[in-house]
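Structure first, commentary second.
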Protein chains: 2
Amino acid sequence: MPRPRSLTPDRLAASALAVIDRDGLGALSMRTVAKELGMSPMGLYRYVADREELEGLVVDRVLGAVDTSPPAPDAPWRERIEVMTRRLREAIARHPEAITLTLTHRHRSPGGLRWSETVLGLLAEAGIDGARRVVALRALHGYITGAIQLEHLGPLSGAGTSVIAALPEDRFPHLTETARTAAEVDPDQEFFGGLRLLLRGIED
Amino acid sequence: MPRPRSLTPDRLAASALAVIDRDGLGALSMRTVAKELGMSPMGLYRYVADREELEGLVVDRVLGAVDTSPPAPDAPWRERIEVMTRRLREAIARHPEAITLTLTHRHRSPGGLRWSETVLGLLAEAGIDGARRVVALRALHGYITGAIQLEHLGPLSGAGTSVIAALPEDRFPHLTETARTAAEVDPDQEFFGGLRLLLRGIED
DNA sequence: GCTGTTAGGAGTACGCCGTACGCCTACGAG
DNA sequence: CTCGTAGGCGTACGGCGTACTCCTAACAGC
């Protein structure tokens, strides 16, 4: 009986994400999103309680795009978890400017929960149960979150590498040498190399 | 020959950290720190270029407190890395309100670099070199960063647990069950359990 | 067709924030 | 003694999140 709503949460999230993708996370504000939608700044508050909720919607949108159906059951479970991880990583990387947001709000997003559910299923199939499974899932979560973060603001990639290259070699012999080696390891190898270490540790 | 500086970067960092510890990260601002020091807001800009640099000083202070001397060489290398990790985790946990800051600025802090240097030395002693060592260090970094983050804003602890408990059990059977189990695993066990999985994977 | 309910839309205002800029003061080396 | 520099303070701008108010437009039920 009232006037119909003119916006969906999804359209709201899409607009916010558009702002982020175009102008960076720093440009995200209630005002810029409102402008993006062609409405007045205060109008947003009819759809979200506050900025934080808006951020939650954005993360939902990023993580909602992850395919969480279990991968082909003929592959070994470690490879299947790797597939799940690759899907998640790619979805996150698709919106690099939003990464900080995505990682900090991940735990509240339905998409993230569906991902966990699927991975837990794979672990169960591998015969991992109880406390062992709790630890395994958390370790995977931790590694994935942390490693993606490092990729994008880490010491061994991008701008950080040059900081390390400038280090006094006599006081940081290992670090300077490692940085040189690191320059030749590509990020994908590094990420999945680390993941495989963890999976091997989980296996037995 | 000029008027002497009346503040050290260290005192600045200490004041900023005091604000954070007392009133939370949200309370950190150039103005609140200036007030803490009994000076005018703009005064800070003679010691730091901008807010980001101030944050860097804070992180330096948190991570500078980590003991980075190599632990007793009679223990196996995995245990020695565990000791290094414990030291880092405890230093970070000593300022829980600053965790977000600490983890995002970690890569630029001298303390963090010294930590890496020591750990690389331990890995070298274990016979891990070249690209393998790059991957191992990054995996450790990633895991530690991510896991600490999860501990403090994660889905399986604190407020997040109740979100999961409220999930429809039929659509998330594994997740709801795991959450119940997780409630009985203490955070230390979980953190170091995960670390050991990774170390085992690194070992061979 | 009128009315009541509710969403839409706009505007104003408050108290924060980071920080650019300018002015005066106090110190200490030459 | 003087001059260069750091210290210290105040003012000001543009942006933020968001509380609140006022009016309008669409539809359900009478």
Side-chain angles (χ1 to χ4, degrees), chain A residues 1-61 97-98 100-102 104-105 108 153, chain B residues 1-61 97-98 100-102 104-105 108 153:
Chain A
M1 73 184 75
R3 183 170 175 174
R5 296 182 83 82
S6 63
L7 230 58
T8 61
D10 206 66
R11 240 176 72 67
L12 218 180
S15 295
L17 197 48
V19 170
I20 295 173
D21 286 341
R22 178 166 20 89
D23 303 323
L25 186 55
L28 182 71
S29 78
M30 301 305 272
R31 287 170 162 91
T32 52
V33 175
K35 187 172 294 179
E36 182 81 12
L37 286 163
M39 64 197 294
S40 84
M42 294 309 295
L44 299 187
Y45 286 93
R46 259 171 284 113
Y47 296 90
V48 292
D50 53 23
R51 183 199 164 112
E52 179 140 351
E53 196 172 317
L54 200 175
E55 294 178 352
L57 290 180
V58 171
V59 175
D60 271 6
R61 196 180 163 84
E97 287 290 344
T100 309
L101 221 55
T102 309
T104 56
H105 287 344
R108 270 172 270 161
L153 33 85
Chain B
M1 71 188 76
R3 183 170 175 174
R5 297 182 82 83
S6 63
L7 230 59
T8 61
D10 206 68
R11 240 176 74 66
L12 218 181
S15 296
L17 196 48
V19 170
I20 294 174
D21 285 342
R22 178 166 19 90
D23 303 323
L25 186 55
L28 181 71
S29 76
M30 301 305 272
R31 286 169 162 89
T32 53
V33 174
K35 186 172 293 178
E36 183 80 12
L37 285 163
M39 63 196 296
S40 83
M42 293 310 295
L44 300 187
Y45 285 93
R46 257 170 289 112
Y47 297 91
V48 292
D50 52 22
R51 183 198 166 114
E52 179 139 351
E53 196 172 317
L54 200 174
E55 293 178 352
L57 289 180
V58 171
V59 175
D60 271 6
R61 196 182 164 82
E97 287 289 344
T100 309
L101 221 53
T102 309
T104 56
H105 288 339
R108 270 172 270 161
L153 33 87

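Below, all heavy atoms of this structure are taken into account, side chains as well, without hydrogens, waters or symmetry copies. This one's a predicted model, so the numbers in the text were calculated from it and none came from an experiment. Just so we're on the same page: letters track the sequence lines, and every chain starts at 1.
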query = Hey, is the side chain of Y47(B) poking within less than 4.0 Å of OP1 or OP2 on dG7(D), counting only N and O atoms?
reply =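 Checking dG7(D) against Y47(B), a side-chain N or O does come within under 4.0 Å of OP1 or OP2.
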task = Establish, with yes or no, whether the OP1 or OP2 oxygen of dG7(D) is under 4.0 angstrom from a side-chain nitrogen or oxygen of R46(B).
result =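 Yes, because at least one side-chain N or O of R46(B) sits under 4.0 Å from OP1 or OP2 of dG7(D).
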Report, one line per pair, each donor and acceptor closer than 3.5 Å where one atom sits in a side chain of residues 39-49 of chain B; sequence neighbours left out.
{"from": "Y47(B)", "atom 1": "OH", "to": "S6(B)", "atom 2": "N", "distance (Å)": "3.3"}
{"from": "Y47(B)", "atom 1": "OH", "to": "L7(B)", "atom 2": "N", "distance (Å)": "3.3"}

query = Would you say the side-chain atoms of D23(A) pair up with the backbone N or O of G26(A), donor to acceptor, closer than 3.5 Å?
reply =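 Pair absent, no side-chain N/O of D23(A) close to backbone of G26(A).
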message = What residues from residues 33-41 of chain B pass a heavy-atom cutoff of under 4.0 Å to DNA chain C?
response =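 Contacting residues: none.
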query = Out of curiosity, L54(A) CG to S15(A) OG, how far, rounded to the nearest 0.5 Å?
reply =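 Spacing of CG (L54(A)) from OG (S15(A)) equals 9.5 Å.
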query = Can you tell me how far CG of D60(B) sits from CG of L17(B), rounded to the nearest 0.5 angstrom?
reply =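 Going from CG on L17(B) over to CG on D60(B), the span is 11.5 Å.
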inquiry  = Expressed as a whole number of angstroms, how long is the span from L44(B):CG to dG8(D):C1'?
reply    =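 Rounding to the nearest Å, CG of L44(B) and C1' of dG8(D) are 12 Å apart.
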ask   = Over how many whole Å does the gap from Y45(A) atom OH to dG17(D) atom P extend?
value =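 Taking atom P of dG17(D) as the reference, OH of Y45(A) is at 6 Å.
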ask   = Is the closest side-chain heavy-atom distance between T104(B) and T100(A) below 4.5 Å?
value =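 No; the side chains remain at least 4.5 Å from each other.
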request  = Please list all pairs passing the salt bridge (Lys or Arg N to Asp or Glu O under 4.0 Å) test where one or both residues lie in residues 8-22 of chain B, with sequence neighbours left out.
outcome  =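 Matches after skipping sequence neighbours: D10(B)-R61(B), R22(B)-E36(B).
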side-chain contact (heavy atoms from CB on, under 4.5 Å) partners for T32(B), two or more places apart =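 Per chain and number, T32(B) pairs via side-chain contact (heavy atoms from CB on, under 4.5 Å) with V19(B), S29(B).
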task = Please work out which residues in residues 8-23 of chain A have a non-hydrogen atom less than 4.0 Å from an atom of DNA chain D and list them by number.
result =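 Correct list: empty, so none.
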message = How close do V58(A) and A16(A) get, counting heavy atoms only, and between which atoms?
response =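 Of all heavy-atom pairs spanning V58(A) and A16(A), the closest is CG2-CB, 3.5 Å.
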Contact list (N/O, under 3.5 angstrom) for nucleotides 14-16 of chain D vs protein:
{"from": "dC16(D)", "atom 1": "OP1", "to": "S29(A)", "atom 2": "OG", "distance (Å)": "3.1"}

Pairwise N/O distances under 3.5 Å, protein to nucleotides 20-25 of chain D:
{"from": "dA25(D)", "atom 1": "O4'", "to": "R3(A)", "atom 2": "NH1", "distance (Å)": "3.1"}

key: With sequence neighbours excluded, residues passing salt bridge (charged side-chain N to carboxylate O under 4.0 Å, His left out) with E55(A)   =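 E55(A) satisfies salt bridge (charged side-chain N to carboxylate O under 4.0 Å, His left out) with R51(A) only.
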